[in-house]
Asks: 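Below you will find the structure I want to go over with you.
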Amino acid sequence: MPIYQYIFRRILFAIPLLLGITVVAFLIANAVPADPINANLPQNALNNEKLVTAFREKWGLDKPPHIQYLTYLRNLLRGDMGVSIKTKNPVLEDIRQFLPATFELATYSILIGLAMGISFGVISAVWRNSWADYLVRVFALIGVSFPVFLLALVALSIFHAKLGWTAGPGRLSFLVKDPPHVTGLFTIDSLLAGQWKTFRDALSHLILPSFVLGSFVSGIIARITRSSLLEVLSSDFIRTARAKGQIEPKVILRHGLSNALIPVVTILGVLYGNLLAGAVLTESIFAWPGIGRYAFRASTSQDFPAIMGISMLIALIYVIANFIVDILYFLIDPRIRYS
Amino acid sequence: MSSATQDLKLTSQSRLKLLKTLRKSPAVIIGLVIVLIWIVLAFSAPWIAPFDPLEQHIPDRLQAPNQTYLLGTDELGRDIFSRVLYGGRITIPAGLAVIIIDGILGLVIGAVAGYLGGIWDEIMMRLTELFMAFPTIILAMAVTAALGPSLMNAVLALVIVRWPDYARLTRGIIIENKTAEYVEAAKALGGKNPYVLFRTLLPNSLAPVLVYGSLDIGNAILIFAGLSFLGLGPEPASPEWGRMISIGIDFFDQWWMWLFPGLAIASLVMAFNFIGDGLRDLLDPRMRT
């Protein structure tokens, strides 16, 4: 199957899923609370007859449920997710403002998570049942058992407050100005503008939260790499490679790891979703101005439209991430191409 | 997750082996001991806690751990030690409730879908996919926000978010066993559909679901703590662990305010994971190393 055909099929699969997400979101937003007007409008607007009527008409609340859903879908396609009760801005506008910070954090985190997880997994599998293996397994267990917000607090208090190795909360220090906006990612924008100082400052702020989120996912990556590599290393082609007299590191990395990484790739999409969920729980601890902190503020202040907007967005990113992973999978695993 | 768990099987032979190996598996035993300690502590909190968890001692606010207040006090002078003990009375039952309700729900829905097959199966599978399109805590967050924050609603949200895993697991087992000889025999003896399903097939699917539940309870507790960290759990004054950490963020230098409830969650979840991992290693030979 040529790749464009495969991509086309995956897109066809993704469409009903995306529609389904809107159905679930619609059900939560409209069927669950006793009164969507109470949930979506701020307190002081509830007494204002005009505002309430306008809201009811805009979302078709006096019409039957299926019309309500279509109205909801139409508004959504126009990018209208309602107005945040707390910030008073359209939710989409808020998201556009906060997304780059989270995207930057998530990207660094997944890179760190992969680097840590894969190397730990390899060490653990190669020196199986050694002290290094036990250490890695304990680390992986902590990664899946500790609440990520506790990891964040501990990391901040040790590496920032106590040792002073990294910068504290926020994206940049107090006196450092934002780099000129190109991508919204401060580490890239500052390099493009040639501002070395800003780049260093941004990196120093990024390192701690991305290590926390990275270790949050690296436990899972290490476990999968370990068990997958153990399985691959016991297969015939590894024995053949060894019999041909190939040196051990090459056997493990070239023949073993490249095959063992396939299961890691398949769960990358799920991990990215985990990472975004982790961001919701940790960004407020690092005062990171991303959608996670926005979601935290929205949930603690009962800002219902904002919470729904974030949930839809993260589900959307989740579907896209899994879509990209499917295509990666197609590229690296020839077995799919011929099936 | 479901593909790995589908491999879990518990035959009578391995049940015997399980008991034998349990004694040899230190991780499972450590896990069981820690969980038992937490259950005892939570149960006897009214007798062993030195203070009422809600009682405020304003003059003693923000005290570091000392002899009177073993784990220090919070911003209203409440005793952290007593609050951590009482927290177990919220988290442990909440986690158990989610697993039990989801286990039953998943067994029934998954069994019916798997047994009837066809359109029913198709509907259930597509429905579970929709729920799984959201990262768990995000969906739970949306549901709790819609229902309004409370302990019951947080549990309800978790039930709504976690049932698809159980249903898919049960469905897989039922489909695998549907053609087994003992099922054919039950049918040949004139057993009607509900009888065959609920009296012969379902009891044989119970064990894997139980094992999955023990693996999942740590997850459920983490998500529950996350929800209440976000302010979507029990009411603010309640001595719930996630909530205590959330308040502790504003008192970063008073590390005892967030560290001890955090360690409580971590130790409990880790203990459940010890048990779950141990059981999985015993039952899934591929994961055994």
Side-chain angles (χ1 to χ4, degrees), chain A residues 16-18 20-21 23-25 28-34 36 39 125 128-129 133 141-142 144-151 153-154 156-157 161 226-227 230-231 270 273-278 280-281 284-285 295-296 298-304 307-308 310-312 314-315 318-319 322, chain B residues 1 27 126-127 129-149 153 157 160 218-219 221-223 225-227 229-232 236 241-242 245-246 248-249 252-253 255 258-259 261-263 265-274 277 286-289:
Chain A
L17 198 58
L18 288 174
I21 287 174
V23 172
V24 174
I28 294 174
N30 292 271
V32 177
R128 184 174 161 191
N129 291 334
D133 182 21
L141 190 69
I142 289 178
V144 294
S145 303
F146 270 56
V148 61
F149 40 89
L150 178 66
L151 283 182
L153 282 162
V154 170
L156 200 60
S157 68
R226 177 178 186 273
S227 62
L230 279 177
E231 201 178 315
V270 175
N274 275 353
L275 209 67
L276 289 172
V280 170
L281 294 174
S284 44
I285 291 170
F296 179 82
S299 9
T300 44
S301 60
Q302 306 296 307
D303 187 346
F304 189 67
I307 295 176
M308 287 318 294
I310 298 282
S311 314
M312 293 275 293
I314 293 184
Y318 199 45
V319 172
N322 278 308
Chain B
M1 190 165 277
R126 297 293 88 80
L127 204 64
E129 269 163 27
L130 289 187
F131 278 87
M132 291 162 105
F134 289 84
T136 21
I137 192 157
I138 301 298
L139 184 57
M141 188 175 97
V143 174
T144 334
L147 294 169
N153 289 346
I160 294 175
N219 256 334
I221 290 176
L222 274 185
I223 303 170
L227 281 181
F229 174 81
L230 292 171
L232 297 170
W241 296 332
I245 299 176
S246 170
I249 303 181
F252 180 68
D253 293 326
W255 50 269
W258 47 262
L259 185 65
L263 290 179
I265 302 173
S267 63
L268 188 60
V269 173
M270 208 188 280
F272 275 119
N273 283 341
F274 268 139
D277 278 5
R286 281 187 316 165
M287 302 298 282
R288 210 175 293 159
T289 47

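Everything numeric here is computed off the predicted structure, so don't read it as measured data.
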Asks: Let me know if Phe146(A) has heavy atoms under 4.5 Å from chain B in its side chain, its backbone, both or neither.
Replies: both
Asks: Identify which part of Ala277(A) has an atom lying under 4.5 Å from any heavy atom of chain B, answering side chain, backbone, both or neither.
Replies: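 It is both, since atoms from each part get that close.
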Asks: Got a second to check how far Ser145(A)'s OG is from Leu222(B)'s CG, nearest 0.5 Å?
Replies: 7.0 Å
Asks: Taking side-chain contact (heavy atoms from CB on, under 4.5 Å) as the definition, give me every residue that meets it alongside Ser299(A), ordered by chain and number, with sequence neighbours left out.
Replies: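 Ser299(A) satisfies side-chain contact (heavy atoms from CB on, under 4.5 Å) with Ile307(A), Met141(B), Leu230(B), Leu232(B) once adjacent residues are dropped.
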Asks: Can you tell me how far CZ of Phe296(A) sits from OG of Ser246(B), rounded to the nearest 0.5 angstrom?
Replies: 4.0 Å
Asks: Roughly how far, to the nearest 0.5 Å, is CE of Met270(B) from CG of Leu141(A)?
Replies: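 Reported value, rounded in 0.5 Å steps: 5.0 Å.
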Asks: Do you know the tightest heavy-atom contact between Tyr318(A) and Phe134(B)?
Replies: CE2-C, 4.0 Å
Asks: Where on Val144(A) is there a heavy atom nearer than 4.5 Å to chain B: the side chain, the backbone, both, or neither?
Replies: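 Answer is both: backbone and side chain atoms of Val144(A) are under 4.5 Å from chain B.
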Asks: For Leu130(B) and Val24(A), work out which heavy atoms get closest and say how close.
Replies: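 The pair with the smallest heavy-atom distance is CB-CG2, 4.1 Å.
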Asks: Can you say whether Leu18(A) sits under 4.5 Å from chain B via the side chain, the backbone, both, or neither, judging by heavy atoms?
Replies: neither
Asks: Distance check, rounded to the nearest 0.5 Å: Leu281(A) atom CG versus Phe229(B) atom CZ?
Replies: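 Atom-to-atom, Leu281(A):CG and Phe229(B):CZ are 6.0 Å apart.
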Asks: Which value, rounded to the nearest 0.5 Å, describes the distance between Ile21(A) atom CD1 and Leu139(B) atom CG?
Replies: 10.0 Å
Asks: Which heavy atom in Ala142(B) sits nearest to a heavy atom in Ile28(A), and how many Å separate them?
Replies: O-CG2, 3.7 Å
Asks: If you count heavy-atom pairs under 4.5 Å between each of Gly231(B), Pro261(B), Gly226(B) and chain A, which one has the most?
Replies: Gly226(B)
Asks: Let's test your reading of the structure: which of Ile245(B), Leu127(B), Ile138(B) forms the most heavy-atom pairs below 4.5 Å with chain A?
Replies: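 The candidate making the most pairs under 4.5 Å is Ile138(B).
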Asks: With only heavy atoms counted, which part of Trp258(B) is less than 4.5 Å from chain A, the side chain, the backbone, both or neither?
Replies: both
Asks: Pick whichever of Leu150(A), Leu153(A), Val270(A), Leu276(A) has the most heavy-atom pairs under 4.5 Å with chain B.
Replies: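 Option with the greatest count: Leu153(A).
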